[in-house]
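One-based numbering, in listed order, for ligands and for the atoms of each. Please read these numbers as outputs of a predicted model, since none were measured by experiment.
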Amino acid sequence: MNGQSGPHAHAIYPGSFDPPTNGHLDVIERAAKVFSLVTVAVVVNPQKSNPLFTLDEREKMLRTITAAHPNVKVAHFRGLLADFVKSLDADVIVKGLRVVSDFENEMAFAHMNRSLSAVDTMFLMSDSSYSFVSSSLIKEVFLQGGDVSKYVPAAVLKVMKSKRQAQGRK
Ligand code: PNS
């Protein structure tokens, strides 16, 4: 599908999704209205830290919360995002921007990915109600016993609770 534009384009939405949040889901749903196919691409080994959720758990949570959208697929990748985009012959990378500091990091990523694979990155502004929602903050609040039900889909909260139980916390 490479080279397509507009409604026929295939977009890749990459991330760690450890766990997926309502902010991620909002970007996925909005991208699914613009692009004919959105592949949510879970990075196998996030650089930031050891993931709390296994790759399988992260993919399953994403499949569950995007089940209502037939043009959303979930996949995973190792190594460079640019190589993965090329391997799928996809048209564009989609990212969400919450705050200005996101833009500074994402601009460098976008330039590097375009330099590596000639693929463009398109940005959606995150809904303002999710501007402070990140997977790492959600994990920190949740693991200290805080209520994160406003920030993650119900199916994700369920998996988070099982994970906390499995770790011997209440
Ligand atoms: O949800 P995250 O952790 O912000 O997602 C970051 C991600 C996965 C999009 C980024 O780390 C990435 O693209 N990793 C793959 C390795 C790669 O291509 N690195 C160079 C980026 S220009």
Side-chain angles (χ1 to χ4, degrees), residues 2 9-32 34-35 37-66 69 72-143 148 151-153 155-157 159-160 163:
N2 215 345
H10 177 185
I12 306 290
Y13 178 51
S16 308
F17 305 108
D18 187 46
T21 67
N22 285 338
H24 292 131
L25 184 57
D26 175 57
V27 171
I28 293 168
E29 289 180 334
R30 285 158 60 203
V34 177
F35 301 104
L37 178 61
V38 176
T39 298
V40 182
V42 185
V43 67
V44 173
N45 294 313
Q47 283 195 330
K48 290 174 191 164
S49 59
N50 277 340
L52 177 61
F53 297 94
T54 65
L55 175 64
D56 192 46
E57 286 168 332
R58 289 180 281 146
E59 285 195 271
K60 274 193 186 137
M61 287 188 274
L62 284 163
R63 286 204 177 92
T64 304
I65 66 176
T66 60
H69 304 282
V72 176
K73 307 279 177 231
V74 178
H76 61 262
F77 71 102
R78 288 184 172 77
L80 285 178
L81 174 61
D83 290 339
F84 181 68
V85 172
K86 261 197 284 190
S87 74
L88 290 191
D89 205 16
D91 301 293
V92 69
I93 296 166
V94 167
K95 294 271 186 94
L97 290 178
R98 293 164 301 187
V99 288
V100 173
S101 55
D102 279 352
F103 176 76
E104 285 176 10
N105 298 325
E106 292 298 343
M107 193 165 69
F109 276 30
H111 282 307
M112 180 57 84
N113 283 321
R114 189 151 180 270
S115 167
L116 290 170
S117 75
V119 68
D120 268 307
T121 301
M122 298 184 74
F123 296 101
L124 288 172
M125 295 298 159
S126 295
D127 191 276
S128 56
S129 53
Y130 304 127
S131 62
F132 60 97
V133 175
S134 67
S135 298
S136 47
L137 196 51
I138 298 290
K139 277 185 289 193
E140 183 177 339
V141 171
F142 181 76
L143 292 173
V148 296
Y151 314 119
V152 294
V156 170
L157 188 63
V159 177
M160 292 179 81
K163 176 70 69 177

Exercise. Does atom CZ of R114 have more than 12 heavy-atom neighbours, drawn from other residues, nucleotides or ligands, at distances under 6.0 Å?
Worked result: no
Seminar exercise, completed: Numbered in order shown, the ligand 1 atoms found under 4.0 Å of a heavy atom of M112 are 22 (S)
For this session: Could you check whether the rings of F84 and F77 sit parallel, tilted or perpendicular, using 30° and 60° as the cut-offs?
Result: parallel
Seminar exercise, completed: In short, V94 meets Y13 closest at the heavy-atom pair O-CD1, 3.1 Å
For this session: Check whether any side-chain heavy atom of I12 lies under 4.5 Å from a side-chain heavy atom of L81, and answer yes or no.
Result: yes
Problem set entry | ligand 1 atoms in contact with S16 (distance to a heavy atom under 4.0 Å) | 1 (O), 2 (P), 3 (O), 5 (O)
For this session: Could you establish whether F77 and ligand 1 come within less than 4.0 Å of each other, counting only heavy atoms on the residue side?
Result: yes
Problem set entry | Element-labelled atoms of ligand 1 that are located less than 4.0 Å from some non-hydrogen atom of V43 | 8 (C)
Exercise. Looking at ligand 1, does G79 have a heavy atom less than 4.0 Å from it?
Worked result: yes
Exercise. Do S129 and D127 get their side chains close enough for a donor-acceptor pair, meaning under 3.5 Å?
Worked result: yes
Exercise. Under 3.5 Å, N or O to N or O, is L81 touching ligand 1 that way?
Worked result: yes
For this session: Count the heavy atoms belonging to other residues, nucleotides or ligands that lie under 6.0 Å from CZ of F132, then report whether that count exceeds 12.
Result: yes
Problem set entry | Selected option - heavy-atom contact closest to atom 17 (C) of ligand 1, from T121, N113, L80, I93 | L80
